[in-house]
Amino acid sequence: MRIARFSIDGNVAFGAVEGDKPDELVLDIIKGIPFADFELSGTKVPLSKVRLLPPVLPNKVVAYGRNYADHAKELGNEVPDVPFAFFKPSTSVIGPGDAIQYPSFTEDLHHEAELAVVIGRMCREVPRERVQDVIFGFTCANDITARDVQKREKQWARAKGFDSSCPLGPWVETGLDLATASDLTIQLTVNGEQRQLGRTSEMIHPIEDLIVNISEAMTLLPGDVILTGTPAGVGPLTVGDEVAVTIEGIGTLTNKVVKRG
């Protein structure tokens with residue numbers, strides 16, 4: 001099931017996305033919230049009549065760096081022996097169609113297409129064999145990075161945590177199991193030109209290891225997001241660019257870069 005979060009007539013709701021053709025998609029509005037038992041209301045609205053929002057509002061976004069060997073190599077970095085985590089604040093999250101605001105403090109803004117894991121229940125110290133049980137679903141993400149700031153400041157809080165640096169969407173796909181999610185095509189285009197192309201099977205540390213790693217240290221809450229790393233091909237964005245992340249079996253997340261006002 002594809003679960004979207006949207007606004008219509010000033011109201012915010014969750015809905016199940018139904019249909020296959022892009023111009024015929026509808027939302028069946030959910031009674032309640034999707035992280036608990038819920039029912040479909042039967043009230044349906046065309047997707048074209050709503051504004052899609054970030055599919056979740058995470059308490060925290062935990063991101064993993066250098067989790068694809070070719071990406072680590074292209075930036076001259078060593079492959080980490082253990083998962084390498086950092087954080088993006090909740091204020092960095094935007095949804096499909098929202099603007100990526102080019103910050104004034106960088107001159108080298110980069111895209112990074114990523115598979116995002118959405119947590120479905122409160123959990124801590126998750127054993128590897130129980131990881132599937134705590135996953136709500138998967139969505140597309142773009143780990144927007146101020147590359148010059150990242151290199152200059154060494155730590156990544158400003159370089160990867162600024163407002164609008166974490167596009168998520170267009171919805172959460174709940175129908176993928178771990179085995180399937182671990183071998184999907186992930187690609188990114190800028191103005192229609194392919195920049196990144198890889199498979200999630202190329203991860204150095206698989207999804208299970210990432211969730212075990214972070215849950216050893218902290219409690220994960222429903223709606224928290226885990227970014228799993230990016231394949232090779234990262235590169236610069238400029239004002240006016242339209243950047244799209246497409247992940248097999250999930251969908252396409254599209255955002256435009258604008259000058260930060």
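On a predicted model such as this, the values are computed, not experimentally measured, just so you know.
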- Item | Stepwise side-chain contact (heavy atoms from CB on, under 4.5 Å) check, Tyr68 with Glu74 | CA-CA 10 Å; Tyr68 287 72; Glu74 72 180 345; over 6 Å; no
- Task: Determine, using the 4.5 Å side-chain heavy-atom cutoff (strictly less than), whether Val234 and Phe162 are members of one ILVMFWY cluster.
- Result: no
- Nearest-0.5 Å distance that lies between atom CG in Asn255 and atom OG in Ser164: 9.0 Å
- Taking every heavy atom of Ser92 against every heavy atom of Gly161, the minimum-distance pair comes out as CB-O, 4.0 Å
- Query: When you look at CZ of Arg130, are more than 12 heavy atoms from neighbouring residues, nucleotides or ligands closer to it than 6.0 Å?
  - Reply: no
- Task: Kindly compute the distance separating CD (Glu216) from CD1 (Ile211), expressed to the nearest 0.5 Å.
- Result: 12.5 Å
- Item | Test log, rule side-chain contact (heavy atoms from CB on, under 4.5 Å), inputs Val61 and Ser90 | CA-CA 7 Å; Val61 177; Ser90 59; over 6 Å; no
- Message: Is it the case that atom CE in Met122 sees more than 12 heavy atoms from other parts of the structure closer than 6.0 Å?
- Response: no
- State whether the side chain of Glu242 and the backbone N or O of Asn191 hold a donor-acceptor pair below 3.5 Å, judged by distance alone. no
- Would you please test Asn213 and His205 for side-chain contact (heavy atoms from CB on, under 4.5 Å) and show each step? CA-CA 10 Å; Asn213 174 268; His205 304 290; over 6 Å; no
- Message: Could you see if Leu52 belongs to whatever hydrophobic cluster contains Ile250? Use Ile, Leu, Val, Met, Phe, Trp, Tyr and a side-chain cutoff under 4.5 Å.
- Response: no
- Message: Using side-chain heavy atoms (C-beta onward) and a distance below 4.5 Å, is Thr228 in contact with Phe138?
- Response: no
- Task: Report yes or no: do Val172 and Val117 belong to one cluster of Ile/Leu/Val/Met/Phe/Trp/Tyr joined by side chain heavy-atom distances under 4.5 Å?
- Result: no
- Query: Does CD belonging to Gln155 count more than 12 external heavy atoms closer than 6.0 Å?
  - Reply: yes
- Query: Is the side chain of Asp148 donor-acceptor paired with the backbone N or O of Thr106 at a distance under 3.5 Å, no angle test?
  - Reply: no
- With side chains defined as the heavy atoms from C-beta onward, is the minimum distance between Pro103 and Arg260 less than 4.5 Å? yes
- Task: Evaluate whether atom CD of Glu129 has more than 12 neighbouring non-hydrogen atoms of other residues, nucleotides or ligands under 6.0 angstrom away.
- Result: yes
- Message: Hydrophobic clustering (ILVMFWY, side-chain heavy atoms < 4.5 Å, transitive) - are Phe35 and Ile30 grouped together?
- Response: yes
- Query: In Å, rounded to the nearest 0.5 Å, how long is the span from CD1 of Ile207 to CZ of Arg128?
  - Reply: 10.5 Å
- Under 4.5 Å between any side-chain heavy atoms of Pro34 and Phe136, yes or no? yes
- Message: Within this structure, what is the CD1-CG distance for the pair Ile144 and Asp163, rounded to the nearest 0.5 Å?
- Response: 13.5 Å
- Picking from Thr189, Thr246, Thr230, what satisfies side chain to side chain donor-acceptor pair (under 3.5 Å) with Gln196? Thr230
- Message: Apply side chain to side chain donor-acceptor pair (under 3.5 Å) to residues Arg199 and Thr185 and explain how you reach the verdict.
- Response: CA-CA 4 Å; Arg199 297 194 68 82; Thr185 300; 2.6 Å; yes
- Which distance, rounded to the nearest 0.5 Å, do you find between the CG of Leu40 and the CG of Asp28? 4.5 Å
- Below 4.5 Å, heavy atoms only, C-beta onward: do Ile3 and Trp171 meet side chain to side chain? no
- Task: State, with a plain yes or no, whether a side-chain heavy atom of Val190 is found less than 4.5 Å away from one of Leu188.
- Result: yes
- Around atom CD of Glu153, are there more than 12 heavy atoms of other residues, nucleotides or ligands at under 6.0 Å? yes
- Item | Minimum heavy-atom distance between Pro231 and Ile186, given as atom pair plus value | CG-CG2, 3.9 Å
- Should Leu178 and Leu184 be regarded as members of a common hydrophobic cluster, given that ILVMFWY residues are connected when their side-chain heavy atoms come within less than 4.5 Å of each other, either directly or indirectly? yes
- Message: How long is the straight-line distance from OG of Ser165 back to NZ of Lys160, given to the nearest 0.5 Å?
- Response: 8.5 Å
- Message: For a 4.5 angstrom cut-off between non-hydrogen side-chain atoms, does Glu112 reach Arg147?
- Response: yes
- Message: Please determine whether the number of non-hydrogen atoms from other residues, nucleotides or ligands lying under 6.0 Å from atom CG of Asp37 exceeds 12.
- Response: no
- Note on the structure: Of all heavy-atom pairs linking Leu115 and Ala181, the shortest is CD2-O, 3.7 Å
- Item | Any donor-acceptor pair under 3.5 Å from Thr139 side chain to Ala116 backbone | no
- Task: Considering non-hydrogen atoms only, spot the tightest contact between Asn67 and Leu210 and give its length.
- Result: ND2-CD1, 3.9 Å
- Hey, does Val134 have a side-chain heavy atom less than 4.5 Å from the side chain of Leu220? no
- Item | Non-hydrogen atoms of Phe105 and Arg152 that approach each other most closely | O-NH2, 4.0 Å
- Is the backbone of Pro236 close enough, under 3.5 Å, to the side chain of Thr238 for a donor and an acceptor to pair up by distance? no
- With Trp156 as partner, the option from Tyr64, Phe87, Phe84 fulfilling ring pair (Phe, Tyr, Trp, His ring centres under 6.0 Å) is Phe84
- Message: Apply side-chain contact (heavy atoms from CB on, under 4.5 Å) to residues Lys88 and Leu227 and explain how you reach the verdict.
- Response: CA-CA 10 Å; Lys88 295 173 82 79; Leu227 303 189; 3.9 Å; yes
Mind listing the side-chain donor-acceptor pairs of residues 5-16 below 3.5 Å, one per line with the distance, residues two or more places apart or on another chain?
{"from": "Arg5", "atom 1": "NH1", "to": "Pro54", "atom 2": "O", "distance (Å)": "3.0"}

- Message: Can a donor-acceptor pair be found, under 3.5 Å and without considering hydrogens, that links the side chain of Thr200 to the backbone of Asp183?
- Response: yes
- For Pro22, enumerate each residue passing the side chain to side chain contact (heavy atoms under 4.5 Å, CB included) test, keeping only those at least two apart in sequence or located in another chain. none
- Item | Minimum-distance pair of heavy atoms, taken over all atoms of Thr219 and Arg124 | OG1-CD, 3.7 Å
- How about Asp81: does its CG atom have over 12 heavy atoms from other parts shown lying under 6.0 Å from it? no
- Any side-chain heavy atom of Pro55 sitting closer than 4.5 Å to one from Leu168? yes
